[in-house]
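Shown next, in structure tokens, is the structure this report addresses.
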Amino acid sequence: SLVIRLKTKNKQAIITNYIRLAEVFKLMQEYENGISALNDAGKLANSIGASNKLLAVEKERVSLCEYKEDFKQALFFQKAVDELHKEVLVQKTDKRVESIVNKFEAEKQEQEATIAHLKNVELVRLNNQLNEQNGQLSNALNSLSKAKVKRKALTFTLILAVALFLLTE
């Protein structure tokens, strides 16, 4: 399995295979081979920045030290595991915070776009209403103007009729 993974260059899977290989060496009591496999896995995990994989490597290193009853080394590596665990948690928290901030920003932009759209719709409605009212006022003014012209014409006709009446007498 490791040979296939090495050929495909799937680094995450290679690391996992090295860890499993170390477990097998531990059970076979070939501790140095197990440490060597974990060293290879650790180097690879560091090279790709895979904190989760590095954490798994160090946990297996602790297990291997405990299995061979080297508790001093196990404690040393357990401290490394604890630090890595904190680092992984911080990274996960940072990613979650970043995700939440990005989601918030996207929702905020969407809301702002919706508000702008609604304002535009309202402005268009008000503009149409004003145009309609302007048309009504214009029609009313035209009607008044026509009525005023008719009244002037009627007044002029009446004055002319009176003048003609007076002239004929």
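The first residue in the sequence is number 1, and the count goes up from there. Fair warning: this is a prediction, and the values are worked out from it, not measured in the lab.
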Margin query: Nearest 0.5 angstrom please: E87 CD to L54 CG, how far?
Written below: 8.0 Å

Next item on the list: Please round to the nearest 0.5 Å and tell me the distance separating atom CD of E58 and atom OG of S51.
Entry: 11.5 Å

Checklist line | Interatomic distance, E105 atom CD to I100 atom CD1 [nearest 0.5 angstrom] | finding: 13.0 Å

Next item on the list: Taking all heavy atoms of L38 and all of V57, pick out the closest pair and write down the distance.
Entry: O-CG1, 3.5 Å

Next item on the list: Determine, stepwise, if the pair K59 / V62 fulfils side-chain contact (heavy atoms from CB on, under 4.5 Å).
Entry: CA-CA 5 Å; K59 282 181 179 180; V62 169; 5.7 Å; no

Check: Are any non-hydrogen side-chain atoms of F77 and C65 less than 4.5 angstrom apart?
Finding: yes

Check: Any salt bridge between K86 and E83, counting N to O under 4.0 Å?
Finding: yes

Margin query: If you define the side chain from C-beta out and look only at heavy atoms, does anything of T155 sit under 4.5 Å from K152?
Written below: no

Item checked: Nearest non-hydrogen partners of A41 and Y18, listed with the distance -> CB-CB, 3.5 Å

Notebook entry, point to check: Is E23 salt-bridged to K26, going by a charged N under 4.0 Å from an acidic O?
Noted result: no

Item checked: Exercise: identify the closest heavy-atom pair between K53 and I19 -> O-CD1, 4.2 Å

Note to self: Between E32 and K68, is there a side-chain heavy-atom distance shorter than 4.5 Å?
What the structure shows: yes

Note to self: Rounded to the nearest 0.5 Å, what separates atom CD in E107 from atom CD in E110?
What the structure shows: 7.0 Å

Check: Which value, rounded to the nearest 0.5 Å, describes the distance between I15 atom CD1 and K11 atom NZ?
Finding: 9.0 Å

Check: Regarding N128 and E132, is there a side-chain donor-to-acceptor distance under 3.5 Å anywhere?
Finding: no

Notebook entry, point to check: Atom CZ in R125, atom CG in L118: separation rounded to 0.5 Å?
Noted result: 12.0 Å

Next item on the list: Give a yes or no answer on whether the side chain of N127 reaches the backbone of L123 with a donor-acceptor pair at less than 3.5 Å.
Entry: no

Notebook entry, point to check: For D70 and Q73, does a side-chain donor sit closer than 3.5 Å to a side-chain acceptor?
Noted result: no

Notebook entry, point to check: Are L84 and L44 linked, directly or through other ILVMFWY residues, by side chains that come within less than 4.5 angstrom of each other?
Noted result: no

Notebook entry, point to check: Taking C-beta and beyond as the side chain, do S143 and K146 meet within less than 4.5 Å on heavy atoms?
Noted result: no

Checklist line | Backbone N/O of L164 and side chain of T168: donor-acceptor pair under 3.5 Å | finding: yes

